[in-house]
Trainee: 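Just passing along the structure, written as structure tokens.
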Amino acid sequence: MIEEALKEINRGCAEIIDNERVEKLLKAYYDEGQTYAVKAGFDPTAPDLHLGHTVLLQKLATFQKYGGRVQFLIGSFTAMIGDPTGKSATRKVLTKDEIVKNIESYTTQAFKILDKEKTDIVYNNEWLDALGAAGMLELASNLTVARMLERDDFSKRYASNTPIAVSEFMYPLLQGYDSVYLKSDIEIGGTDQKFNLLMGRQLQKAYGIKKQQAVLMMPILEGLDGVQKMSKSLGNYIGVSDEPNDMFGKVLSISDDLMWRYYELLSTKSLDEIAMLRSGVEDGTLHPKKVKEELALEITARFHNEDAAQAAKAEFEKVHAKSQIPTDIEAFEIPSEDGSLWIAKALVDCKLEPSTSQARRDIKQGGVKINQEKISDMQLQLTPGEYLLQVGKRKFAKLKVS
RNA sequence: GGUGGGAUAGUCAAGUGGCCAACGACGGCAGACUGUAAAUCUGCUCCCUAUGGGUUCAGAGGUUCGACUCCUCUUCCCACCA
């Protein structure tokens with residue numbers, strides 16, 4: 001039993017520090033039914049979760065299956081400082097209002113994966129507000145500047161004369177202090193958080209907590225482009241609240257290589273099953289598209305439901321494989337001027353094109369279809385009636401010219 | 001505080017008085033090919049009912065027939081010195 005749990009917990013992890021501690025916690029759970037606290041911190045900066053975040057959440061859910069209680073920590077206080085991000089730039093500081101607004105949508109999305117009964121939502125401003133200047137200084141005395149500069153992005157920025165705000169130095173300390181206050185047994189985070197996660201261990205020791213937290217790091221999920229990390233600002237993400245059709249389509253749009261990465265980090269299939277799929281593809285008995293579809297189905301079903309996933313699959317087949325028109329198309333009604341409507345203008349008004357200039361170009365290149373017929377006349381006038389407009393392969397609109 | 005250098009389209013980056021709506025790269029869009037892709041090849045990539053017109057090269061003025069290119073001031077960055 002413990003072996004199975006450990007295997008699941010280890011899956012996909014980039015690095016585990018103090019695996020022994022994890023084993024002991026599991027043993028205590030199986031022998032004496034004793035639960036333990038697994039902490040993960042979340043910045044309420046982005047109100048929308050994407051699959052990159054769910055890698056972490058799924059790992060938390062795994063712990064919940066094996067006796068862990070999740071401390072879902074909202075960085076309500078630290079978000080106001082700004083985290084030193086990997087981008088080597090000072091992050092914009094959030095106001096209290098923005099944070100409050102983000103938290104609600106954040107948690108509802110998280111509970112699509114987490115077990116609500118085994119989750120405690122905590123806000124670090126509860127204890128950090130009370131820390132005060134004296135507490136802050138005491139906290140800061142635990143760390144030297146030299147050690148702080150060991151942190152990769154700090155040292156790089158320092159070396160390249162990129163400014164580092166002193167407040168940014170405080171961030172790892174505060175995050176570490178969260179672990180002290182919460183007496184966390186395990187903390188989970190991304191590999192980019194290694195320094196901060198280890199700070200939790202160091203501070204727990206400094207504040208006299210006997211057992212320091214184990215640290216479990218998850219790799220950063222690549223975005224749809226397969227190169228940069230998945231992030232909203234880069235636009236290469238799959239959001240957990242994306243529509244089923246979008247979600248399915250986005251998963252299917254990733255490259256074959258990236259698919260295996262997603263399988264490892266996002267699928268609930270066992271590692272053995274995945275290995276079988278992989279060898280099947282390699283020896284040609286399995287079509288990569290089929291395998292990718294399965295992944296897309298699984299993910300879509302997780303955030304919506306099985307029926308929606310199957311429907312999305314059917315829809316995708318219809319639109320892309322068979323070049324048929326999708327089921328749901330946004331409809332527009334635009335009045336004509338003097339009994340006619342210029343096609344380029346119509347495309348812009350139906351939000352298929354950003355400008356009439358772009359519309360003209362696409363028409364010229366044969367990228368525009370009306371009622372499934374390619375058109376080439378950029379001066380085309382639409383007379384009153386109903387039309388099906390299409391730009392490229394996947395942009396559709398129904399238009400009624402009145 | 002001093003002295004130099006810089007700010008160009010989504011990003012990076014050429015251009016240093018007219019040939020500039022501005023080379024190139026990446027990204028993006030469209031076409032071909034496919035398994036939806038990816039890779040590859042081709043075209044496009046400020047706006048405007050357009051073989052033409054309008055607004056751009058940090059901001060504000062100025063010189064000039066004419067400025068992204070020259071001058072002045074402002075803002076912000078960077079380098080070296082203190």
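Note that the structure is a prediction, hence the values are computed from the model and not measured. Convention: sequence-line order gives letters A, B, ...; per-chain numbering from 1. Just so you know, these numbers use all the heavy atoms, side chains as well, and skip hydrogens, waters and symmetry mates.
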Trainee: Between A/Q390 (CD) and B/G31 (P), how many Å, whole number?
Mentor: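 Taking atom P of B/G31 as the reference, CD of A/Q390 is at 8 Å.
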Trainee: According to the interplanar angle, ranging from 0 to 90°, do the rings of A/W127 and A/Y181 count as parallel (below 30°), tilted (30 to 60°) or perpendicular (above 60°)?
Mentor: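 Parallel.
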Trainee: In whole Å, what separates the P atom of B/A9 from that of B/C47?
Mentor: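 Going atom to atom, P in each nucleotide, I get 15 Å.
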Trainee: What's the gap between B/C48 and B/C68 when it is taken at their P atoms, as a whole Å value?
Mentor: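 Per the computed distance, 23 Å lies between those P atoms.
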Trainee: Work out how far the P atom of B/A39 is from that of B/C29, and round it to whole angstrom.
Mentor: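 About 12 Å, rounded to a whole number of Å.
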Trainee: With a 3.5 Å limit on both atom pairs, tell me what B/A39 is paired to, counting Watson-Crick and G-U wobble, or say none.
Mentor: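 Pairing partner: none.
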Trainee: Could you verify whether a donor N or O on one side chain and an acceptor N or O on the other, from A/R361 and A/Q358, lie under 3.5 Å apart?
Mentor: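 Result is yes, a qualifying pair exists.
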Trainee: At under 4.0 Å between heavy atoms, what does A/E293 touch on the DNA or RNA strands: base, sugar-phosphate, or nothing?
Mentor: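 Since no nucleic acid heavy atom lies under 4.0 Å of A/E293, the category is nothing.
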Trainee: Using a 6.0 Å cut-off, check whether atom CD of A/E104 has over 12 heavy atoms from anything other than its own residue.
Mentor: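 Count not over threshold, so no.
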Trainee: Taking the P atom in each of B/G54 and B/C19, what is the distance between them to the nearest angstrom?
Mentor: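 My reading of the P atoms in B/G54 and B/C19 gives 16 Å.
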Trainee: Checking contacts here: which listed nucleotide (B/C29, B/A37, B/C47) is nearest the side-chain heavy atoms of A/S357?
Mentor: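 Minimum distance to the A/S357 side chain belongs to B/C47.
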Trainee: Would you mind classifying the nucleic acid contact of A/K292 as base, sugar-phosphate or nothing, using non-hydrogen atoms under 4.0 angstrom?
Mentor: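 If one applies the 4.0 Å heavy-atom cut-off, A/K292 turns out to touch a base.
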Trainee: Between B/C48, B/A30, B/U36, which nucleotide gets closest to the side-chain atoms of A/S253?
Mentor: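 Out of B/C48, B/A30, B/U36, the nucleotide with an atom closest to A/S253's side chain is B/U36.
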Trainee: What is the distance from CG of A/L224 to C1' of B/G28, rounded to the nearest Å?
Mentor: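 Whole-Å distance recorded here is 15 Å.
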Trainee: Using heavy atoms to find the nearest nucleotide of RNA chain B for A/K364 and A/V368 separately, return the residue whose nucleotide is more 5′.
Mentor: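 It is A/V368 whose nearest nucleotide is closer to the 5' end.
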Trainee: What is the glycosidic conformation of B/A50: syn, defined as within 90° of 0, or anti?
Mentor: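 With its glycosidic angle within 90° of zero, B/A50 counts as syn.
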Trainee: Out of B/C48, B/A30, B/U36, which has the shortest distance to the side chain of A/D256?
Mentor: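 Nearest listed nucleotide: B/U36.
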Trainee: How many whole angstroms separate atom NE2 of A/H287 from atom P of B/A37?
Mentor: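 Those two atoms, NE2 and P, are 13 Å apart.
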Trainee: Would you mind pulling out the nucleotide paired to B/C80, Watson-Crick or G-U wobble, both distances under 3.5 Å?
Mentor: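 Pairing partner: B/G2.
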Trainee: Which whole number of Å gives the distance between the C1' atom of B/A82 and that of B/G17?
Mentor: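 Pairwise C1' distance, B/A82 against B/G17, rounds to 39 Å.
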Trainee: Is atom NZ of A/K345 surrounded by more than 12 heavy atoms (other residues, nucleotides or ligands) closer than 6.0 Å?
Mentor: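 No, NZ of A/K345 has 12 or fewer neighbouring heavy atoms, counting only those of other groups under 6.0 Å.
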Trainee: Output the single nucleotide from B/A32, B/C29, B/G35 whose closest atom is nearest the side chain of A/Q358.
Mentor: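 Selected nucleotide (nearest to the side chain): B/C29.
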Trainee: For B/A13 and B/U74, measure between their C1' atoms and round to the nearest Å.
Mentor: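 To the nearest whole Å, 26 Å.
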Trainee: More than 12 non-hydrogen atoms from neighbouring residues, nucleotides or ligands closer than 6.0 Å to CD on A/Q379, yes or no?
Mentor: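 Above 12, so yes.
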Trainee: Could you check whether A/R360 gets within reach of a base, just the sugar-phosphate, or nothing at all, counting any heavy atom under 4.0 Å?
Mentor: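 Answer is base: heavy atoms of A/R360 come under 4.0 Å of a base.
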Trainee: Under a 3.5 Å cut-off for both contacts, is B/G52 paired Watson-Crick or G-U wobble with anything, and if yes, with which nucleotide?
Mentor: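 Per the H-bond distance test, B/C48.
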Trainee: What interatomic distance, in whole Å, is found between P of B/C23 and the corresponding atom of B/C46?
Mentor: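 Here B/C46 and B/C23 have their P atoms 9 Å from each other.
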Trainee: Check the distance between B/C29's C1' and A/Q365's CD and give it to me in whole angstrom.
Mentor: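 In whole Å, B/C29 C1' and A/Q365 CD are 8 Å from each other.
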Trainee: How many Å lie between CZ on A/R361 and C1' on B/G43, as a whole number?
Mentor: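 Rounding to the nearest Å, CZ of A/R361 and C1' of B/G43 are 12 Å apart.
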Trainee: If you only use heavy atoms from C-beta on, which nucleotide in B/U36, B/A32, B/U49 is closest to the side chain of A/K374?
Mentor: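 So the nucleotide nearest the side chain must be B/A32.
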Trainee: My understanding is that a pair needs two contacts under 3.5 Å, Watson-Crick or G-U wobble. By that rule, which nucleotide pairs with B/A25?
Mentor: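 WC or wobble partner is B/U11.
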Trainee: Across the strands shown, which category fits A/K393 at heavy-atom distances under 4.0 angstrom: base, sugar-phosphate, nothing?
Mentor: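 A/K393: base contact, heavy atoms under 4.0 Å.
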Trainee: Using the ring of each side chain (for Trp, its six-membered ring), is A/Y237 parallel, tilted or perpendicular to A/H50, with breaks at 30° and 60°?
Mentor: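 A/Y237 vs A/H50 ring planes: tilted.
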Trainee: Which base sits across from B/C73 as a Watson-Crick or G-U pair, both distances under 3.5 Å?
Mentor: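 Across any shown strand, B/C73 pairs with B/G59.
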Trainee: Roughly how far apart, to the nearest Å, are B/G53 and B/U34 at atom C1'?
Mentor: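 The answer is 43 Å between these two C1' atoms.
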Trainee: Rounding to an integer number of Å, can you tell me how far A/I375 CD1 sits from B/A30 P?
Mentor: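 Whole-Å distance recorded here is 15 Å.
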Trainee: Using a cut-off of 6.0 Å, state whether more than 12 heavy atoms not belonging to A/K183 lie near its atom NZ.
Mentor: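 Count not over threshold, so no.
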Trainee: Do you see a donor-acceptor pair shorter than 3.5 Å between the side chains of A/Q202 and A/R147?
Mentor: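 Short answer, yes.
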Trainee: Looking at A/S255, I'd like to know whether one of its side-chain N or O atoms comes within less than 4.0 Å of OP1 or OP2 on B/A37.
Mentor: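 No, A/S255 has no side-chain N/O under 4.0 Å of OP1/OP2 on B/A37.
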Trainee: Find the distance A/F396:CZ to B/A30:C1' and express it as a whole number of Å.
Mentor: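 After rounding, the gap between these two atoms is 14 Å.
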Trainee: Can you check the A/E353 CD to B/A30 P distance for me, whole Å?
Mentor: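 In whole Å, B/A30 P lies 8 Å from A/E353 CD.
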Trainee: Check for me: is A/W342 stacked on B/U49 by the 5.5 Å centroid and 30° plane-angle rule?
Mentor: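 The base of B/U49 is stacked with A/W342 (centres under 5.5 Å, planes under 30°).
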Trainee: My understanding is that a pair needs two contacts under 3.5 Å, Watson-Crick or G-U wobble. By that rule, which nucleotide pairs with B/G18?
Mentor: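 Base-paired to B/C65.
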Trainee: Closest nucleotide of RNA chain B for A/V251 versus for A/L341: which of these residues is on the 5' side?
Mentor: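 Here A/V251 is the residue nearer the 5' end.
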